Structure formats: structure tokens, C-alpha cells
*Asks:* 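Before I ask anything, here is the structure I am working with.
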Amino acid sequence: MIERTWPLPTLRHMRRLTDDCGIIQHARFWFPDYKTGYCVDDNSRALLVASWYHQTFGTAEAHELMLRYLAFIHYVQRTDGQVCNFIDYSRRYLEQVGSPDSLGRTIWALGHMASVEERYLAVPAREMFLHAVAQVSETFAPHSLAYSLLGICAYGTCEANRHEARALARPLVTALLGHHHAARGADWEWFMPIVTYGNGRLPEALIRAGALLEDRHARDAGFRTLAFLNQVSYCENCLSVVGCHGWYPQDGVSAQFDQQPIDAGGMVEANLAAYELSHETDYFTRAVHAMDWFYGRNILGLSVYNKASCGCYDGLHSSGVNENQGAESTLVHLLAQLRMYRVAPELFAAEKMPETSWIAEGMGEHR
């Protein structure tokens, strides 16, 4: 029997990083680093977190944050559906068009919002989603395809959208399977000749798309690639994700550091997706161990979650944690928490931390 007392999800640090425009990209220790401005990547993640939090706990603050992040995406989306990823603190665009990854993450968030029950949120999100998804190319790299597929699968959870979602998903599944077929080899079940970042999202996308399409081939490829990723990411029931200082090249050695929260969070969600579809308890156990990574069950035995700030440190280095607590780290931790809470609320602390007011947290106005 698995017993834990993880902290309950709280939006405290996410609110601290958010102003009246959106969520600031980076932090200096606890406080937002305004010099780094905003990106659609993090505001899309924040939209997912706020929506999941609102669905789970039903707070007014989460509802207001959903509106704020959705408005941010609307601001950076071009008339052709593409998105600008980076804007500075004065809200000026820093590029004409963002990367395929940023488009994929935007589609992921909008697809989810287009499936919610609240019509006043779903209708504009659906319009923005369809504009964005029209810009997806089958030539995209694996991560971009995976993020887009996660959005399409979320869109398809609403019965009214399911037929359209299946039509949108099919060519992207074929393209992602093509990457897998081209890269796989003896003892190498992956989508590229190197394992890099955000890895859990690739098998998760195939698992979820396989379920949407009732496609055994896609689903099985998702399970095989997840099995490979689990094999290279755990040591003695401890998650040890591929580090960004060298990654893990085929026929090479996996880098130990720096380990990133985006990978730990992705391993929670990928294994939960596999568990929900297969009901095999090994996937649930692996998801639990991935969640434990944030709270000290990692190769350094250090907590990557800051109990005082309720933020998440930006990485696990050979010398310790990166004490900055930026948007990406905090958001991927929160999303993993919320997904896990839906499956196993009994593993979390019994009492919810009281949420302080926006005024007390210094939400303020952007000046």
C-alpha cells in the first residue's frame, strides 16, 4: 500500500508571478523577474493549471486567472492562427512568430479550454484553437507534434468535438509514428537519436491519441516508448531524469545533471495516462515515484519544492537546487499535483492550505 502526505496544490506562487497581463517567465528566488517578460509557453501552461484547479477546487481566484491567461493567448495570437511566443514587460512583441513548440503548447491549452462546460470560455477557446491547429505541419519535430496532439485529444474529450478531433489527430499521429519508426533501433525505442527534454509528453501523446482514435498501433507505440523512457529514468525506485548537460544520445551515456522539473512532471502524467488506460499498477507506482522526485526522493535527496513559497525550484544541479522559482518549474509541478490528486487524493495532506487574498499576495496592476 502506498502512503504519502504530499502538500495539496496551491496557486500561491503562481499568483505571485502573475500580474494583470499574464505570468512572468522567470523568477529571482521568490519574486518575478520582470526583465524576462512573458511567453505564451508559460501562459498556456498556466491556463491549464488554473482550469484544472478550478475544476478540482472551484475557487473564484482560479476562475479569474483562467480569464487572464486566455486573454494573454488571445493577445499574442496572430490573425493567421500563429502565435508570438515572447513579449517584453512593456508588452511589445519580440518576434514575428514563435516556435512550433510554442504553437503546440498553445494548442494544448486551447484544446482543453474548448472542451470545458462553461460556454463563455469554450466558444472563444474553440475559435482560437481551430485557428492555431490549422498552422500545424506534419513536418514538425516530435515535441511539437506531441503538444499539438495533447491539445487535440483534450478537445476530443467533449463528445460534440470528437469526430473533428479524430480527423485532426490522424495525420499528426502518422507523422509522430514516422519519427519513431525512423529513429528506433536495437534497444532504442525513441523518436530521435537523442533523448532531450519534456520527454514524457511524447509517449503520453501517442497513448492518448491511440485511445481517441481506437488505434492499437499508436497506443502500443506509446506504451513501448514509455517503457523505454521508464527504463532510462529510474534507479532503485527513484526517478532520475535525463539531465540537460549532455542529454542522452543513442550509443552514449545519459547525463545526470541538470535535472529539470518539466521532465519529472511529464513522467507523472505519462505514467498516469498509461495507468488510466491499462489499469496496470506498475504505472501508478512509477507516477508516485515521479511525484516524490519533487519532495526529496531524488539522487541528491533534496526537495525541489519550497514549502515556504509554495514554488518549485528551477532544477536539480550536481551542487544542489537552483533556488530560482520560475513559471515553468512551478507550473509543471502544479499540473502534476492536480493530475495526481484526481487519481489519488488520499496521498495528499488532509487539510488544504488557506489561500491568501490577491491583495495580500501583491497582484497589483501592471504599470
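None of the values given here were measured: they were computed from a predicted structure. Side chains included, hydrogens not; waters and symmetry mates left out as well; all remaining heavy atoms used. Numbers here are sequence positions counted from 1.
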*Asks:* Between Y305 and F294, is the ring centroid distance below 6.0 Å?
*Replies:* no

*Asks:* Mark yes or no for whether H54, through its side chain, and E64, through its backbone, hold a donor-acceptor pair below 3.5 Å.
*Replies:* no

*Asks:* So T196 and H143, do their side chains get closer than 4.5 Å, heavy atoms only?
*Replies:* yes

*Asks:* Step by step, work out the side chain to side chain donor-acceptor pair (under 3.5 Å) result for R342 and Q55.
*Replies:* CA-CA 10 Å; R342 286 289 187 91; Q55 290 176 24; 3.1 Å; yes

*Asks:* Decide whether M66 and Y120 are clustered together by the hydrophobic rule: side chain heavy atoms of Ile, Leu, Val, Met, Phe, Trp, Tyr closer than 4.5 Å, transitively.
*Replies:* yes

*Asks:* Please answer whether the main-chain N or O of N85 pairs with a side-chain N or O of D41 as donor and acceptor at a distance below 3.5 Å.
*Replies:* no

*Asks:* On the 0 to 90° scale, with breaks at 30° and 60°, tag the Y248-W188 ring pair as parallel, tilted or perpendicular.
*Replies:* perpendicular

*Asks:* Does a side-chain heavy-atom distance below 4.5 Å link R208 with E276?
*Replies:* yes

*Asks:* Would you say the side chain of W190 lies within less than 4.5 Å of the side chain of V232, judging by non-hydrogen atoms?
*Replies:* no

*Asks:* How long is the gap from CD on Q259 to CD1 on I299, to the nearest 0.5 Å?
*Replies:* 4.5 Å

*Asks:* Can you give me the closest heavy-atom contact between G320 and L302, atom names plus distance?
*Replies:* CA-CD1, 3.8 Å

*Asks:* Is there a side-chain contact between N161 and R126 in this structure, where contact means two heavy atoms from C-beta onward sitting under 4.5 Å apart?
*Replies:* yes

*Asks:* How long is the span from the OG1 atom in T330 to the CG atom in L11, to the nearest 0.5 Å?
*Replies:* 11.0 Å

*Asks:* Quick check on the hydrophobic clustering: are L150 and L277 connected, directly or via other members, by side-chain heavy-atom contacts under 4.5 Å?
*Replies:* yes

*Asks:* Parallel under 30°, tilted from 30 to 60°, perpendicular over 60°: which one fits the rings of H333 and Y295?
*Replies:* perpendicular

*Asks:* Please report the C-alpha distance between H180 and F191 in whole Å, then the side-chain angles of each, then the deciding distance to 0.1 Å, and finally whether the side chain to side chain contact (heavy atoms under 4.5 Å, CB included) criterion is met.
*Replies:* CA-CA 4 Å; H180 175 232; F191 303 85; 3.8 Å; yes

*Asks:* Checking D292 against V288 for the side chain to side chain contact (heavy atoms under 4.5 Å, CB included) test, could you report, in this order, the C-alpha distance in whole Å, the side-chain angles of both residues, the deciding distance, and whether it holds?
*Replies:* CA-CA 6 Å; D292 282 340; V288 168; 4.0 Å; yes

*Asks:* Does Q96 offer a backbone N or O that forms a donor-acceptor pair with the side chain of R78 under 3.5 Å?
*Replies:* yes

*Asks:* What's the shortest heavy-atom distance between A273 and E204, and which atoms?
*Replies:* CB-CG, 4.0 Å

*Asks:* Would you confirm whether D19, through its side chain, and G22, through its main-chain N or O, come within 3.5 Å as a donor-acceptor pair?
*Replies:* yes

*Asks:* What's the verdict on salt bridge (Lys or Arg N to Asp or Glu O under 4.0 Å) for R91 and D20, showing C-alpha distance, side-chain angles and the deciding distance?
*Replies:* CA-CA 11 Å; R91 305 178 187 178; D20 65 319; 3.4 Å; yes

*Asks:* Passes ring-ring contact (aromatic ring centres under 6.0 Å, His included), Y75 versus Y93? Steps please.
*Replies:* CA-CA 10 Å; Y75 176 64; Y93 296 101; 5.4 Å; yes

*Asks:* How about E236: does its CD atom have over 12 heavy atoms from other parts shown lying under 6.0 Å from it?
*Replies:* no

*Asks:* For the atom pair CD1 (I152) and CG (L110), what is the distance rounded to the nearest 0.5 Å?
*Replies:* 12.0 Å

*Asks:* Can a donor-acceptor pair be found, under 3.5 Å and without considering hydrogens, that links the side chain of N324 to the backbone of G326?
*Replies:* no

*Asks:* Answer yes or no: are there more than 12 heavy-atom neighbours, outside H317 itself, under 6.0 Å from its atom NE2?
*Replies:* yes

*Asks:* Between G246 and I194, which heavy-atom pair has the shortest distance, and what is it?
*Replies:* O-CD1, 4.5 Å

*Asks:* Counting N and O atoms only, with roles assigned by atom type, does the side chain of D263 sit under 3.5 Å from a partner on the main chain of N199, one being a donor and the other an acceptor?
*Replies:* yes

*Asks:* Could you tell me if H26 and E328 have a donor-acceptor pair between their side chains, going purely by distance under 3.5 Å?
*Replies:* no

*Asks:* Hydrophobic cluster membership, with links at side-chain heavy-atom distances under 4.5 Å among I/L/V/M/F/W/Y: are W30 and L331 in one?
*Replies:* no

*Asks:* May I ask you to decide if the ring planes of Y197 and W247 are parallel, tilted or perpendicular, using 30° and 60° as cut-offs?
*Replies:* tilted

*Asks:* Would you name the heavy atoms of T10 and L334 that are closest together and state the gap between them?
*Replies:* O-CD2, 3.3 Å

*Asks:* So for atom CG, which belongs to D80, do other residues, nucleotides or ligands contribute more than 12 heavy atoms lying within a distance under 6.0 Å?
*Replies:* yes

*Asks:* Between Y341 and L8, is any pair of side-chain heavy atoms under 4.5 Å apart?
*Replies:* yes

*Asks:* Relative to Y234, does R286 satisfy both conditions: NZ or CZ under 6.0 angstrom from the six-membered ring centre, and within 45 degrees of the ring's axis?
*Replies:* yes

*Asks:* What distance separates S44 OG from I73 CD1, expressed to the nearest 0.5 Å?
*Replies:* 3.5 Å

*Asks:* Any sub-3.5 Å donor-acceptor pair from T174's side-chain atoms to R170's backbone N or O?
*Replies:* yes

*Asks:* Would you sort out whether Y69 and S51 count as a side chain to side chain donor-acceptor pair (under 3.5 Å), showing the intermediate values?
*Replies:* CA-CA 10 Å; Y69 303 133; S51 179; over 6 Å; no

*Asks:* Pair N306, F29 - check side chain to side chain contact (heavy atoms under 4.5 Å, CB included), show working.
*Replies:* CA-CA 10 Å; N306 184 317; F29 294 94; over 6 Å; no

*Asks:* Could you go through D101 and S99, starting from their C-alpha distance and side-chain angles, then the distance that decides it, and tell me whether this counts as side chain to side chain donor-acceptor pair (under 3.5 Å)?
*Replies:* CA-CA 5 Å; D101 277 12; S99 67; 5.4 Å; no

*Asks:* Anything under 30° is parallel, anything over 60° is perpendicular, the rest tilted; go ahead and classify W108 against Y147.
*Replies:* parallel

*Asks:* Can you check whether F31 reaches R16 side chain to side chain, under 4.5 Å on heavy atoms?
*Replies:* no

*Asks:* Anything under 30° is parallel, anything over 60° is perpendicular, the rest tilted; go ahead and classify F57 against Y53.
*Replies:* tilted

*Asks:* Treating Ile, Leu, Val, Met, Phe, Trp and Tyr as nodes and any side-chain heavy-atom pair under 4.5 angstrom as an edge, say whether L130 and L172 lie in one connected cluster.
*Replies:* yes

*Asks:* Look only at the side chain of R12 and the backbone of S309, and say whether a donor-acceptor pair between them is shorter than 3.5 Å.
*Replies:* no

*Asks:* Locate the shortest heavy-atom distance separating V241 from A264; write the atom from each residue and the value.
*Replies:* CG1-N, 4.1 Å

*Asks:* State yes or no: do L48 and I262 share one hydrophobic cluster built from I, L, V, M, F, W and Y residues joined by side-chain heavy-atom distances below 4.5 Å, directly or via other members?
*Replies:* no

*Asks:* Mind checking the CD1-OG1 spacing from I24 to T36? Nearest 0.5 Å is all I need.
*Replies:* 6.0 Å

*Asks:* Going by heavy atoms in the side chains, are C39 and F86 under 4.5 Å from each other?
*Replies:* yes

*Asks:* So, Q260 side chain and C244 main chain: donor-acceptor pair closer than 3.5 Å or not?
*Replies:* no

*Asks:* Between N43 and T106, does the side chain to side chain contact (heavy atoms under 4.5 Å, CB included) criterion hold? Intermediate values first, please.
*Replies:* CA-CA 8 Å; N43 279 272; T106 303; over 6 Å; no

*Asks:* Counting C-beta onward and ignoring hydrogens, is there a side-chain heavy-atom pair between Q337 and W6 closer than 4.5 Å?
*Replies:* no

*Asks:* I need the D215 CG to R219 CZ distance, nearest 0.5 Å.
*Replies:* 9.5 Å

*Asks:* Between S329 (side chain) and Q325 (backbone), is there a donor-acceptor pair under 3.5 Å?
*Replies:* no

*Asks:* Which heavy atom of L176 sits nearest a heavy atom of A205, and at what distance?
*Replies:* CD2-CB, 4.4 Å

